[in-house]
> 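Take this structure, written in structure tokens, and hold onto it; I'll ask about it next.
In this chain, numbering begins with 1 at the start of the sequence shown.
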Amino acid sequence: MKLAQSNFAMPAGAVADPRIMGYLKLYQILLERSKAELAQALRLFTDPANLPVLVHCIHGKDRTGLVVMLLLMICRVDKAVRHGMSQTGT
């Protein structure tokens, strides 16, 4: 499954810099442009025949992290735990 990619090229530093774009804007774009693909990814977790599920990426962490964050939110994992996981990379 492939999540939508933007139509414009932007240096990685620009994505990281909130004065230019920032990660918040990147994630908003991914959520807006990839609704169907994200829903498809999340549905994979609802079928016991698919378990266990390995979530991985080949081109970075943003789209994969977004799927994992949505799963954690759906499972009502405490915000402090989610924040701690994002800070430690686990």
> Judged by atom type as modelled, is there a donor-acceptor pair below 3.5 Å linking the side chain of T46 to the main-chain atoms of R43?
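The answer is yes, because a donor-acceptor pair under 3.5 Å joins these two groups.
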> Drop me the distance from R63's CZ to I58's CD1, to the nearest 0.5 angstrom.
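Answer for the CZ-CD1 pair, R63 versus I58, is 8.5 Å.
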> Look up atom CG in L24 and atom CD1 in I29, then write down how far apart they are to the nearest 0.5 Å.
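It is 10.0 Å, given to the nearest 0.5 Å.
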> Would you give the length of the straight line joining atom CG of L70 to atom CG of L42, rounded to the nearest 0.5 angstrom?
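L70 CG to L42 CG: 5.5 Å, rounded to 0.5 Å.
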> If only atom types and distance count, is the side chain of N50 paired as donor or acceptor with the main-chain N or O of F45 below 3.5 Å?
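No; zero donor-acceptor contacts below 3.5 Å.
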> Check the hydrophobic clustering (I, L, V, M, F, W, Y; side-chain heavy atoms under 4.5 Å; chains of links allowed) and say if V81 and L72 are grouped together.
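Yes: a chain of side-chain contacts under 4.5 Å links V81 to L72.
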> Treating Ile, Leu, Val, Met, Phe, Trp and Tyr as nodes and any side-chain heavy-atom pair under 4.5 angstrom as an edge, say whether I74 and L30 lie in one connected cluster.
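In one cluster: yes.
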> Evaluate L26 against M21 for side chain to side chain contact (heavy atoms under 4.5 Å, CB included), listing each step before the verdict.
CA-CA 7 Å; L26 171 66; M21 180 177 182; 4.0 Å; yes
